[in-house]
Amino acid sequence: MTDVIDAVLGERAEGVRELRQQRPAVVAHTQGVYDALLDGPGAASVGRERLIAAAVAVAELAGAPELAAHYAGLGTAPAQGDPVLAAILRHAALVTSTPAAATRADIDALAAAGLSADDIVTVAQLIGFVHFQVRLLAGLTLIGAGHE
């Protein structure tokens, strides 16, 4: 089974492998959400390349360059000048940098760009999931460093 967290941790994964094996459901569900977001019907509707671009942006803004590199390596960059992508990236940056400033108007801007309500939920889930991954990777890295 592919495990993105192990892949991003690289050699550091060995230091937390035993700990992660104690919670197999967490490992499986974390990977399952990743797979569903990038290969499920939401990705087909929004556009997998757009979601990957948003994941790269969120990981970079959240200070997780290895996670950003992972996402960047998944596929081709979407076309420049895509108004839907621009709206998604603006929203991802807003939610990542100043989440308290997000308003209903920001959701309306996503709809105005052409995203359906389901698409907006997919984008929000992706942004939240990448933040979860950033925190998980930071925690596992600290725990692994404590066992060296």
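The figures here come from the full heavy-atom set of this structure, side chains too, leaving out hydrogens, waters and symmetry mates. As the structure is a prediction and not an experimental result, all values here were calculated from the model.
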Note, Val16 side chain near Arg12 side chain (heavy atom, < 4.5 Å): no

Note, Thr103 side chain near Asp106 side chain (heavy atom, < 4.5 Å): yes

Set of residues satisfying salt bridge (charged side-chain N to carboxylate O under 4.0 Å, His left out) with respect to Arg20, sequence neighbours excluded: Asp3, Asp6

ILVMFWY cluster, Leu19 and Phe132 together (side-chain gap under 4.5 Å): yes

Inter-residue atom distance Leu137.CG - Glu66.CD, 0.5 Å rounding: 8.0 Å

For Asp39, salt bridge (charged side-chain N to carboxylate O under 4.0 Å, His left out) partners two or more places apart: Arg48

Shared hydrophobic cluster, Val121 / Leu110 (ILVMFWY, side-chain heavy atoms < 4.5 Å): no

For Leu51 against Ala43, the heavy-atom pair lying closest together: CD1-CA, 3.6 Å

Test item: side-chain donor near acceptor, Tyr71 and Glu60, under 3.5 Å: no

Common cluster, Phe129/Val134, ILVMFWY with side-chain heavy-atom separation under 4.5 Å: yes

Considering all heavy atoms, the nearest Val56-Ala72 contact: CG2-N, 3.4 Å

Non-neighbouring partners of Asp118 that pass salt bridge (charged side-chain N to carboxylate O under 4.0 Å, His left out), sequence neighbours left out: none

Reported CD-to-CD1 distance for the pair Gln133 and Ile5, which is rounded to 0.5 angstrom: 5.0 Å

Whichever hydrophobic residues join Leu85 through chains of side-chain contacts under 4.5 Å: Leu89

With Gln31, the side chain to side chain contact (heavy atoms under 4.5 Å, CB included) member among Val33, Val27, Asp35: Asp35

Nearest atoms (heavy-atom pairs only) where Ala109 meets Ala87: O-CB, 4.5 Å

Side-chain heavy-atom pair Ile107, Ile120 within 4.5 angstrom cut-off: yes

Single-linkage hydrophobic cluster Val26~Ile143, side-chain heavy atoms < 4.5 angstrom: no

From CD1 (Ile88) to CG (Leu126), nearest 0.5 Å: 9.0 Å

Residues in side-chain hydrogen bond (donor to acceptor under 3.5 Å, both in side chains) contact with Glu14, at least two apart in sequence or another chain: Arg17

Side chain to side chain contact (heavy atoms under 4.5 Å, CB included) partner of Leu9, chosen from Val4, Thr141, Leu136: Thr141

Donor-acceptor contact present, side-chain Thr96 to main-chain Ala92, <3.5 Å: yes

Pair Asp119-Thr122, side-chain donor/acceptor within less than 3.5 Å: no

Qualifying residues under side-chain hydrogen bond (donor to acceptor under 3.5 Å, both in side chains), relative to His70, sequence neighbours excluded: Tyr34

Nearest heavy atoms of Ala113 and Val84, plus distance in Å: O-CG2, 3.1 Å

